[in-house]
Amino acid sequence: MRRSLVVRLLAASVLISVCSIAATAWLAVRTTARAIRQEQGQAFADDTRVYDALLARASTHPDWSGVQEVVDRLARETGHRITLTGQDRRPIADSATHPGPLPARASVTVDPLAVDPAFAPGTSDTDRIDRRAVGPFRLPASERAALLRLATDRAECLRDSLGIEATVTTTPSGRPDVTAPPAILPAATSCASPALTGPTPTESRAVGQLESLLNDCLLRRGTEPVVLAPDLTWKMTGARTTKALYLVPQCLGNARREQLGPYVAAPALLFISSPPRADSVFDLSAPNRLRITGVMASVLLLTVVATVALGRRLVRPLWKLTAAARRIRDGDTTVRAQVTGADEIAQLAEAFNDMSAHRAHLDGLRRSMVGDVAHELRTPLSNIRAWLEAAEDGLVPADKALISSLLEEALLLQHVVEDLRDLAAADAGELHLSKTRTDIGELLAQTVTSHAPQAEAAGVTLATATARNVRPIDADSLRLRQALSNLLGNAIRHTPTGGEITLEATRAQDVTRIRVTDTGSGISPTDLPRVFDRFWRAERSRNRQGGGSGLGLPITRHIIELHDGTITAESTLGKGTTFTLTIPDEAPRP
């Protein structure tokens with residue numbers, strides 16, 4: 001079962017499904033957590049924005065009258081319900097059209113004299129008083145206009161005289177100020193304006209009032225009074241003690257709150273809540289966990305069913321191929337696999353059918369070859385046996401003529417055996433070459449000389465022709481001479497008396513061509529494609545008059561192919577045949 005394709009496909013699908021579900025769940029959790037964090041961050045930013053806007057309102061107004069308009073605007077911009085109540089939870093302003101119950105706990109207390117550092121990180125930790133709460137320090141229009149003229153003149157002086165880019169800003173109290181790089185501004189004494197930095201009458205009165213409140217507090221706690229500067233820094237009038245250093249900041253904060261109290265709104269409770277949503281909030285409760293488990297089980301079940309169905313559909317053709325292969329193993333070479341579709345399995349079935357057809361063809365060739373070999377060996381052996389039996393019975397004398405006839409049959413038998421050996425070596429890839437630089441003209445001359453007696457006995461004329469541009473090539477001279485001898489021997493046997501055979505060598509485009517042309521009987525167009533088949537001969541009667549074993553041309557083709565060359569045949573029935581060998585000048589070494 002572990003080796004079954006369906007089981008492996010099922011296991012892979014289940015593993016992929018589990019990994020996909022796990023990855024999806026992980027991604028969903030991460031995405032949800034990120035979305036929750038972003039929503040929380042946005043909610044905190046909205047809360048801070050609402051708090052700052054209401055704090056600014058409280059710092060600049062002595063009461064909460066008119067705050068409803070501010071609350072409605074903030075509610076529209078943030079999408080939250082904003083409710084402002086007194087310390088007794090009585091409503092001051094509410095953005096809800098139909099107010100519902102308020103949360104049990106307020107989001108924050110809006111008090112400009114006790115700012116919440118969580119919603120206003122830039123607030124000073126010493127007094128926690130909002131910087132926009134200025135009270136009696138707020139300058140009237142006349143003083144602001146006079147100081148603005150002085151600040152503008154100083155900024156122009158810095159730009160025109162010293163090339164310093166200075167800008168005029170305004171503090172919450174309405175006092176204009178000139179800002180420039182800190183390292184440059186103190187050195188620009190030529191543009192100094194004492195009237196701009198000195199306190200105005202309004203500021204002097206406010207500082208005096210604050211100093212009086214501060215010293216009253218210090219006296220109540222048994223500490224010497226201090227002198228308060230316009231920038232709210234102080235200087236001891238008596239001995240500098242540790243107690244004084246501790247009490248002065250406390251009393252200063254209390255004095256500022258007492259001074260600013262009439263100018264700011266009373267503390268109020270701020271409630272910020274989101275409107276109710278129709279959709280449910282995702283959580284990992286028991287029903288949700290059960291729902292997730294059910295979805296995962298459904299996905300796995302669907303995956304298993306789909307994989308089994310697909311696997312059986314994929315494996316069914318393979319089962320048929322397996323059955324067909326077993327029938328071929330048992331000897332039925334006619335079996336074929338049914339081919340449907342155009343997928344990879346259909347291509348495999350086509351390849352299987354091609355292999356089966358090729359195997360059937362090879363079996364036919366094998367049977368034919370066995371019969372041909374038996375016939376080729378039987379004829380000389382029968383002749384040898386017949387002559388020997390005749391000599392033994394005294395029917396023919398055991399003279400020189402008998403011995404010559406028996407030797408001729410033995411040589412023919414040896415020739416068939418050697419051809420079979422060469423052909424078997426070629427099929428096994430063991431027919432190796434020993435290449436050297438071979439002169440083609442000399443090779444043609446040697447081949448003609450060795451066949452001259454056979455040609456003279458047959459009354460056939462041999463001729464050679466070698467072009468001037470033919471050069472030596474890399475070749476096995478013995479094997480190449482064997483191939484030419486096979487072609488020349490066939491030509492002599494099939495050329496009638498008075499005929500002519502020509503061996504011609506030419507060269508063109510880095511290849512050498514050798515043509516063996518005869519004026520013999522020729523080969524019919526139907527037989528020409530079979531000339532390189534084993535044991536094939538034009539004589540259908542299988543007599544021995546033409547000689548040859550029917551293996552010479554197949555061996556010749558193997559030899560030429562080992563030289564990375566080609567061999568072709570052209571013939572006209574009754575006029576002659578031409579075999580053309582094409583060999584590269586420098587064939588790659590095996």
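No experiment lies behind these values; they were computed from the predicted model shown. Position 1 is the first residue of the sequence; numbering continues from there.
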Run the salt bridge (charged side-chain N to carboxylate O under 4.0 Å, His left out) test against Arg256 and tell me which residues pass, sequence neighbours left out.
Asp127
Side-chain donor-acceptor contact under 3.5 Å, Thr78 with Arg49
no
Salt bridge Asp94-Arg81, side-chain N to carboxylate O under 4.0 Å:
yes
Can you list every pair that meets disulfide bond (SG atoms under 2.5 Å apart) and has a residue in residues 222-269, with sequence neighbours left out?
Cys217-Cys251
Met236: partners by side chain to side chain contact (heavy atoms under 4.5 Å, CB included), with sequence neighbours left out
Val226, Trp234, Arg240, Ala244, Val248
Do Thr167 and Thr179 pair up side chain to side chain, a donor and an acceptor below 3.5 Å, judged on atom types alone?
yes
Which pairs with one or both residues in residues 218-235 pass salt bridge (Lys or Arg N to Asp or Glu O under 4.0 Å), sequence neighbours excluded?
none
Does the side chain of Thr169 come under 3.5 Å of the side chain of Asp177 through a donor N or O and an acceptor N or O?
no
Would you say Asp72 and Gln68 are linked by a side-chain donor-acceptor pair, where the criterion is simply a distance under 3.5 Å?
yes
Are the side chains of Phe271 and Pro103 in contact, using a 4.5 Å heavy-atom criterion?
yes
Check step by step if salt bridge (charged side-chain N to carboxylate O under 4.0 Å, His left out) holds for Arg73 and Glu69.
CA-CA 6 Å; Arg73 176 178 59 81; Glu69 181 180 354; over 6 Å; no
Are any side-chain N or O atoms of Arg159 and backbone N or O atoms of Glu165, one a donor and one an acceptor, separated by less than 3.5 Å?
no
Please determine if Asp63 and Arg57 form a salt bridge, counting it only when a charged side-chain N lies under 4.0 Å from a carboxylate O.
no
Which residues pass the ring pair (Phe, Tyr, Trp, His ring centres under 6.0 Å) test with Tyr246, not counting sequence neighbours?
none
Thr200 and Thr202: side-chain donor and acceptor closer than 3.5 Å?
no
Identify which one of Arg437, His563, Lys435 satisfies the side chain to side chain donor-acceptor pair (under 3.5 Å) criterion when paired with Asp474.
Arg437
Over all atoms of both residues, closest heavy-atom pair of Ile129 and Val115
C-CG2, 4.2 Å
Testing the 3.5 Å rule here: is there a donor-acceptor pair between the side chains of Asp476 and Ser434?
no
Can you list every pair that meets salt bridge (Lys or Arg N to Asp or Glu O under 4.0 Å) and has a residue in residues 192-215, with sequence neighbours left out?
Arg175-Glu203
Does any part of the side chain of Thr512, heavy atoms only, come nearer than 4.5 Å to the side chain of Arg471, both counted from C-beta?
no
